[in-house]
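Read through the structure below, which is laid out as structure tokens, and then see the notes.
From a predicted model like this one, the values you see are computed outputs, not experimental measurements. Count residues from 1 along the sequence.
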Amino acid sequence: QVQLVESGGGLVQAGGSLRLSCATSGRTTNSFVVGWFRQAPGKEREFVAAIWWGGASTQYADSVKGRSTISRDNAKNTVYLQMNSLKPEDTAVYYCAARTGVALHNESYKYPYWGQGTQVTVSS
């Protein structure tokens, strides 16, 4: 059973940085994709970034491209989302999600495994 636990959220001023972590367990294959999604109050959940566990493939939403970096630490079974130059519109609950396979899908329904979420609040 795949389990995901996010951490690293918090309150930060606009222009600041945060690094979110997603600790994974139960993975049995490198054909595994971890994605980050976020959901702001009153809005639909949206894709942020994704990474393939077996290689260097990554994908980013246009809204965070150039400001964020997704990476993984194989030894720690952890995926990170480094977010820089944060804006108030980045305020949301950030979720880590996972699926087996190699395709970096940006549709949330294609990810069967989810963490509990971590709140990111960016003040202006």
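- For the atom pair T121 OG1 and L86 CG, the distance stands at 11.0 Å (nearest 0.5 Å).
- A pairwise comparison of heavy atoms in V102 and S31 identifies CG1-OG, 4.2 Å as the closest pair.
- Judged by distance alone, the side chain of T118 and the main-chain N or O of Y94 form no donor-acceptor pair under 3.5 Å.
- A distance of 11.5 Å separates CZ in R27 from CG in L4, rounded to the nearest 0.5 Å.
- When all heavy atoms of V33 and A103 are compared, the pair lying nearest together is CG2-O, 3.6 Å.
- In the hydrophobic cluster analysis, where Ile, Leu, Val, Met, Phe, Trp and Tyr join through side-chain heavy atoms closer than 4.5 angstrom, W36 is grouped together with V122.
- A distance of 11.0 Å separates OG1 of T69 from CE of M83, quoted to the nearest 0.5 Å.
- Of the possible polar contacts, one joining the Q116 side chain to the E6 backbone as a donor-acceptor pair under 3.5 Å is found.
- The two residues F47 and A61 come nearest to each other via the heavy atoms O-CB, 3.3 Å.
- Heavy atoms from other residues, nucleotides or ligands lying under 6.0 Å from CD of E44 number 12 at most.
- The two residues Y95 and G115 have their closest heavy-atom pair at CD2-O, 3.8 Å.
- Side chain of R72 to backbone of W52: a donor-acceptor contact under 3.5 angstrom is found.
- Residues that satisfy the side-chain contact (heavy atoms from CB on, under 4.5 Å) test with E46, not counting sequence neighbours, are R38.
- With Y113 contributing its side chain and V34 its backbone, the two residues share no donor-acceptor pair below 3.5 Å.
- Looking only at side-chain heavy atoms (C-beta outward), W53 and T24 come within less than 4.5 Å of each other.
- The hydrophobic clustering, which links ILVMFWY residues whose side-chain heavy atoms are closer than 4.5 Å, places V48 and Y80 apart.
- Inter-residue side-chain proximity for S25 and N77 is flagged as unmet; no heavy-atom pair is nearer than 4.5 Å.
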Sequence neighbours left out, cut at 3.5 Å: what donor-acceptor pairs do the side chains of residues 11-19 make with other protein atoms?
| from | atom 1 | to | atom 2 | distance (Å) |
| --- | --- | --- | --- | --- |
| S17 | OG | N84 | OD1 | 2.9 |

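- Not a single donor-acceptor pair under 3.5 Å links the side chain of R45 to the backbone N or O of F37.
- K87 and D90 are not joined by a salt bridge, as no carboxylate oxygen comes within less than 4.0 angstrom of a charged side-chain nitrogen.
- Transitive grouping of hydrophobic side chains (ILVMFWY, heavy atoms separated by less than 4.5 Å) brings L20 and Y60 into a common cluster.
- Distance alone, capped at 3.5 Å, places no donor-acceptor pair between the S21 side chain and the S7 backbone.
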> Between C96 and V79, does a side chain to side chain contact (heavy atoms under 4.5 Å, CB included) hold up when you go through it step by step?
Replying inline: CA-CA 9 Å; C96 176; V79 171; 5.7 Å; no

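- Of all heavy-atom pairs between K110 and P112, the closest is O-CD, 3.5 Å.
- Scanning all heavy atoms of the two residues, the minimum distance from S108 to W114 falls at O-CZ2, 3.4 Å.
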